[in-house]
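For reference, the structure discussed in these notes is given below.
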Amino acid sequence: MTSRAFEDLLRTLAPQVLGVLVRRHGQFFACEDAVQEALLAAATQWPGQGVPEHPRAWLVTVATRRLTDEWRSEHARREREVAVAVRQPAYAAVAPPADEEPPSGDDTLKLLFLCCHPTLPVSAQVALTLRAVGGLSTAEIARAYLVPEATMSQRIRRAKQRIEAAGARFTLPSAADRDERLGAVLRVLYLIFNEGYTASSGDELHRVELTGEAIRLARELHRLLPTDGEVAGLLALMLLTDAHRAARTGPDGELVPLAEQDRTRWDRVAVAEGIALVTEALTWSAPGPYQVQAAIAAVHAEAPTAATTDWPQIVALYRVLARIAPNPMVTLNQAVAVAMVDGPRAGLALLAPLGEDDRTAGHHRLAAVRAHLLELTGDRADARAAYLAAARATTSLPERRYLEVRAARLVC
Amino acid sequence: MLLIWNRPGFADELTEAERNAIFGEVDVIMKELTESGELVGGEALAHPSQTRTVRPAAGGTEITDGPFVESKEQFAGYLTVDCETPERAAEIAARWPDVRHGFGVLEVRAVMEQAGTEM
């Protein structure tokens with residue numbers, strides 16, 4: 001088994017094992033710790049000794065033992081629970097018992113809903129999802145988010161305590177709550193994806209793994225909820241975006257904007273899968289924001305060059321997006337598309353109100369788009385000033401480099 | 001990043017009780033930031049009299065004792081935090097004893113990231 005396949009196996013089993021434990025014993029806090037230790041044990045023992053015949057049962061047994069060890073060292077009031085737990089046979093060596101429930105996708109879903117609990121700050125939702133559902137270790141998550149392991153481990157500890165304090169239950173939310181909670185789950189997966197994707201490829205290996213993990217979890221969610229159009233839309237959006245990875249950085253690590261990318265380097269397999277997913281979803285589902293964004297990405301993907309892009313189609317899709325999910329960032333992208341159809345001045349007119357909006361007034365992306373459109377109108381001096389304003393406002397080094405280069409080209 | 005600028009030697013003018021109270025305030029904030037998972041790192045710097053400044057000079061470089069800027073307030077240390085919003089970082093800075101007791105100022109600066117989005 002390759003190390004990649006081995007990691008995939010452990011990460012697929014992680015939420016299943018955690019689900020079994022939480023269902024049997026409750027106490028999300030303790031179970032999650034125990035599962036992490038079991039995953040660690042597997043990662044050290046299996047490569048040498050081989051993967052056991054029933055890997056999931058093996059992990060459940062080891063995690064249960066860790067749990068009972070923990071209980072043994074605790075107060076006497078836990079004694080009764082210990083008695084129940086230790087009476088269970090070491091069934092790892094034999095087939096799972098008849099009363100063992102089959103691996104349940106519902107558990108993964110319940111875990112996702114639990115980890116994206118509304119009482120948690122978003123950074124904690126992300127960390128907990130990656131650990132409990134993704135099976136990543138605290139050290140891996142800390143590396144990916146460039147914070148010390150102690151910081152990440154506190155963040156996860158606090159998140160678990162908060163979930164327990166809020167009395168959150170390991171159940172599927174009611175139909176009424178479900179859409180809202182699913183929205184939080186999709187947002188967390190998309191944040192994980194973006195965290196990995198905004199990193200340049202090459203040297204930022206750990207972050208690229210985040211993209212892969214977000215896609216894996218979205219795929220799993222799509223398998224569990226095949227009739228949810230937004231889940232399909234998010235997966236399609238991730239695949240279509242990630243397909244650009246090889247083309248979006250130049251030989252010196254500089255950012256290559258969409259219009260200038262070598263499209264022969266886009267991942268055609270991912271593009272085809274993304275297009276198929278979103279096209280199908282849109283036939284039976286009311287379009288949601290992720291589906292529309294995926295549809296826009298699909299129109300880009302279908303064009304052999306930036307110039308041959310079906311811009312009127314993209315403008316129409318942005319109009320839909322602006323209606324169902326109004327947001328200044330949507331207006332910003334819409335302005336670029338409108339400029340391609342009706343000329344840069346039409347695009348600039350659309351941007352005007354964003355300069356008055358607190359959310360975007362000082363945002364580097366507004367300045368960058370203004371700069372681009374001003375350049376198209378031939379106003380080199382104002383375009384240069386806007387590029388420099390954008391360069392000052394961004395906190396991304398590659399982006400600043402890109403914007404400074406654009407400004408330098410406009411020196412009269 | 002929260003950059004701490006204060007008047008060198010201010011602590012010498014305090015009573016021991018006052019000094020302990022200030023260190024206690026710092027300990028409380030550090031404990032909170034550790035528990036919330038917002039603390040990324042930080043260092044305190046030695047007294048500015050221990051500084052050396054390296055600057056370009058004719059035929060190479062020149063090394064002199066003392067800080068680069070001669071001013072009442074000097075760079076004394078920094079704290080790196082990972083916050084949800086810039087407002088939260090400013091809120092942490094506002095609680096720092098240097099600000100609360102008037103010994104100095106804190107500057108809140110965003111750290112540049114090595115990554116960027118597609119444009």
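Below, read A as the first sequence line, B as the second, and so on, with proteins coming before strands; counting in each chain starts at 1.
Shown here is B/Asp27, whose CG atom has more than 12 heavy atoms of other residues, nucleotides or ligands within 6.0 Å. Residue B/Glu13 qualifies as enclosed at atom CD: its count of foreign heavy atoms under 6.0 Å is above 12. Sparse packing is recorded around CZ of B/Arg109, with 12 or fewer heavy atoms of other residues, nucleotides or ligands lying under 6.0 Å away. For A/Arg370, the CZ atom is loosely surrounded, since the number of other residues' heavy atoms within 6.0 Å does not exceed 12.
A donor atom on one side chain and an acceptor atom on the other are not found under 3.5 Å apart for B/Glu38 and A/Thr151.
From B/Glu35, atom CD reaches atom CZ of A/Arg155 across 14.5 Å, with rounding to the nearest 0.5 Å. Taking CD of B/Glu84 as the start and OG of A/Ser123 as the end, the distance is 4.0 Å to the nearest 0.5 Å. The CD atom of B/Glu113 sits 4.5 Å away from atom OG1 of A/Thr395, with the distance rounded to the nearest 0.5 Å.
Using a 4.5 Å cut-off between heavy atoms, A/His244 contacts chain B through its side chain alone, with no backbone atom that close. Contacts of A/Val336 with chain B are absent, with no heavy-atom separation under 4.5 Å from either backbone or side chain. Only the side chain of A/Gln261 comes within contact range of chain B, with at least one heavy atom under 4.5 Å from a heavy atom of that chain. Neither the backbone nor the side chain of A/Arg157 has a heavy atom closer than 4.5 Å to any heavy atom of chain B.
Closest heavy-atom contact between B/Val40 and A/Leu146: CG1-O, 4.5 Å. Shown here for B/Ser36 and A/Arg158, the closest heavy-atom pair between the two residues is CA-NE, 3.9 Å.
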